[in-house]
There are 2 protein chains.
Amino acid sequence: MANATIRDVARAADVSVASVSRVLNRHENVRPALREKVEAAAAKLGYVPHAGARSLSLARSNAIGVVLPELHGEFFSELLRGMDREASERGLQLLLSNMHADSARGVEALHTMRGRVDGLVVMAPHIDPDQLLSHLPVGVPAVMVNCAPHHQPRPELRIDNVAGARMMVEHLVATGRRRIVHLAGPAGNIDAEERLGGYEAAMADAGLPSIVERGTFLEDSGVSAAERWVERGDDVDAVFAANDMMAIGVLMAFRRAGIAVPDQIAVAGFDDIPLARLISPSLTTLRIDIALLGERAVARLIEQIDGADDRSIELRAPTLVVRDTTSPREDPENRGIRGNNA
Amino acid sequence: MANATIRDVARAADVSVASVSRVLNRHENVRPALREKVEAAAAKLGYVPHAGARSLSLARSNAIGVVLPELHGEFFSELLRGMDREASERGLQLLLSNMHADSARGVEALHTMRGRVDGLVVMAPHIDPDQLLSHLPVGVPAVMVNCAPHHQPRPELRIDNVAGARMMVEHLVATGRRRIVHLAGPAGNIDAEERLGGYEAAMADAGLPSIVERGTFLEDSGVSAAERWVERGDDVDAVFAANDMMAIGVLMAFRRAGIAVPDQIAVAGFDDIPLARLISPSLTTLRIDIALLGERAVARLIEQIDGADDRSIELRAPTLVVRDTTSPREDPENRGIRGNNA
DNA sequence: TAGATTCTTGTAACCGGTTACATCAAGAGC
DNA sequence: GCTCTTGATGTAACCGGTTACAAGAATCTA
């Protein structure tokens, strides 16, 4: 960016660069006369300090790097919103980088952050965090969000996926459902695996058989899974999807197929994205305050940058939000997908 | 970030810093033997170049600044997603800064970008762009998105709000609605004003009286406006909200009040956020490909950074997407909010 | 084999800030 | 009036890269 430099200001005010720097950084030991001269010169030249040079010399950038798997869907926009809220509160900027699917791009993303940011928030539920972070010097502050088990001694935030999934299964059982299918997320994704594990454990505890199908976390995999069930006439009376977007896909497909939710079949999701309460029937789900998660990640990163040595894992329990899609059935006889076809 | 510097690598490989720099930037004139020595030393030290120092010396940061009014709602997440898509394609990073409501914070946001980014994407529908950008040297590349009229000779992207609003009014009239109320956005917001203008012009052309209420672009202002109409028993048979979030609020309130959409009253929005097709009844709206808007903004910024001098305004026309909320009525007699109360 | 040419490598200045240290002037103390 | 202290200001090194230019080595030409 073409612009005046501090030396231009010094020349215009007929003082040294050190004095200009002192004035602009509000140091005390500057005579009022000189201060005014410098301020006038800076204003006349429209001087704006060069943040890059400043952070090089201070070894501090006032920016934090955010490395995410992708930028798709409301989960990420909420996360970003929370991070921005906390960051702008503290006068920090966010530098975004997405690593897409593979961990090579992930390492690359981490590298391009070097020398630009004071610390990193890394969310990588889908790849091996040890491999990813091994390229990062231990001195670099970083907070991990929803990462798989690893050997990194770093502060971390996690969602208690297992507890959440258990809660949901118990809720479905309590409302009379027995043949509960789980539409899981992609294999290898830690959130997906933990939710699946919680589901299986809770089903076993309830003495019910697990029925599992794999999805991708995207809406259309919910649609196609639901279409398969309808076509096969599967004998299920509840769908617990591993995230809200898939649950919404399931709802869409059921609506098109003329299957009544929640009367014939219940549907539940995970995340409580803003959409969940807006669709109709509104979606029963597990609430994670996503924006708050982002906020906490940035807050803990700042603590670490400021020298704290708190490597604890913060486990955030989701809360069950019961809405229309899992209301108790009115007619216990007309249930399941088969009830429609028969 | 604590890490090895280029001088450390030079020392370890027993060569000069210039040679290290040449090797790492893949210059041709380096003997293979020296190249290998340097690469080995760099690998052993885990050297990652300091991007801040690099951009200071190159006067090029490979980052672009994004200044938005806020980060709320799907509009911004879609915009960001599009910008990221184009930026990461070109190996650029996005530096976020939101300016909240006031233009003082906006100027501040622009200033903190100085010396960090190669150019800016500025979206500021709600404040005076002349005032905002007057603090920016003309040499700084910047693309404006949805800004009010101004005197800035800069590339710009706009939505054709007037044409969009006309299309919607014509569609509502064509499906038999006559008493069409417009729920406008906040005064002073250029998108809100243009959509209002388009509505008024189209209503006048159709020989119908304008009925206007102000909202905030947020969902709850749609809720409260709809509640007012219901309470007063206003004689309207269509609501054209200035954005989708307000339209969704209106739908929620109508549903709670037991008013049938589209039979008693039609509802339409503007933007086509992903949610619009997912709610039920699905929302008729004007589609702006928001992600594409973000993509184009970044693409044009890159052109400008690379020296192009194209200051044209790119006007993107929305397309009408007709969904359930404006279907023709089944019973032309039972219409309007009054039909319910009578 | 000497001289010209080309290619490789190193030295040091530069990008635009901050700040340790030196310098100098003014006021205090005698 | 002279020294000592204190405070304001300037000089120059530094942050970690890049690169113009100089210098030296290798190759080519006659």
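Each chain gets a letter, A, B and so on, in the order its sequence line appears, and its residues count up from 1. Note that the structure is a prediction, hence the values are computed from the model and not measured.
When the salt bridge (charged side-chain N to carboxylate O under 4.0 Å, His left out) test is applied to A:Glu74, no partner is found at least two apart in sequence or on another chain. A:Asn25 pairs by the side-chain hydrogen bond (donor to acceptor under 3.5 Å, both in side chains) definition with A:Ser21, A:Arg54, not counting sequence neighbours. Residues passing the side-chain hydrogen bond (donor to acceptor under 3.5 Å, both in side chains) test with A:Arg35: none are found, sequence neighbours excluded. A:Arg31 meets the side-chain hydrogen bond (donor to acceptor under 3.5 Å, both in side chains) test with no other residue; sequence neighbours excluded. Residues that satisfy the side-chain hydrogen bond (donor to acceptor under 3.5 Å, both in side chains) test with B:Gln131, not counting sequence neighbours, are B:Ser103. Partners of A:Arg7 by salt bridge (charged side-chain N to carboxylate O under 4.0 Å, His left out), not counting sequence neighbours: none found. By the salt bridge (charged side-chain N to carboxylate O under 4.0 Å, His left out) test, A:Arg296 pairs with A:Glu314, sequence neighbours left out. By the salt bridge (charged side-chain N to carboxylate O under 4.0 Å, His left out) test, B:Asp8 pairs with B:Arg11, sequence neighbours left out.
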Without placing hydrogens or testing angles, list every side-chain donor-acceptor pair under 3.5 Å for residues 78-91 of chain B, not counting sequence neighbours.
| unit_1 | atom_1 | unit_2 | atom_2 | d |
| --- | --- | --- | --- | --- |
| B:Glu78 | OE1 | B:Arg81 | NH2 | 3.1 |
| B:Glu78 | OE2 | B:Arg81 | NE | 3.2 |
| B:Glu78 | OE2 | B:Arg81 | NH2 | 3.4 |
| B:Arg81 | NH1 | A:His72 | ND1 | 3.3 |
| B:Asp84 | OD2 | A:Asn98 | ND2 | 2.3 |
| B:Arg85 | NE | B:Glu295 | OE1 | 2.8 |
| B:Arg85 | NH2 | B:Glu295 | OE1 | 2.5 |
| B:Glu86 | OE2 | B:Arg90 | NE | 3.1 |
| B:Glu86 | OE2 | B:Arg90 | NH2 | 3.2 |
| B:Ser88 | OG | B:Asp84 | O | 3.0 |

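Take the nearest nucleotide of DNA chain C for B:Val30 and for B:Leu56: the residue whose nucleotide is more 5' is B:Val30. Along DNA chain D, the nucleotide closest to A:Arg7 and the one closest to B:Leu24 are compared, and the more 5′ of them pairs with A:Arg7.
Between chain A and DNA chain C, the heavy-atom contact criterion of under 4.0 Å yields a 5' to 3' nucleotide range of C:dG16 to C:dT19.
Side chains of B:Leu34 and B:Val15 form a contact here, defined as non-hydrogen atoms less than 4.5 Å apart.
Helix-axis bend for the helix from C:dT1-D:dA30 to C:dC30-D:dG1: the local axis fitted to the five terminal pairs at one end deviates from that at the other end by 50°, rounded to 10°.
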Please write out each protein N/O paired with an N/O of nucleotides 21-28 of chain D under 3.5 Å, distance rounded to 0.1 Å.
none

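Side-chain N/O atoms of A:Ser19 include one lying less than 4.0 angstrom from OP1 or OP2 on D:dG10.
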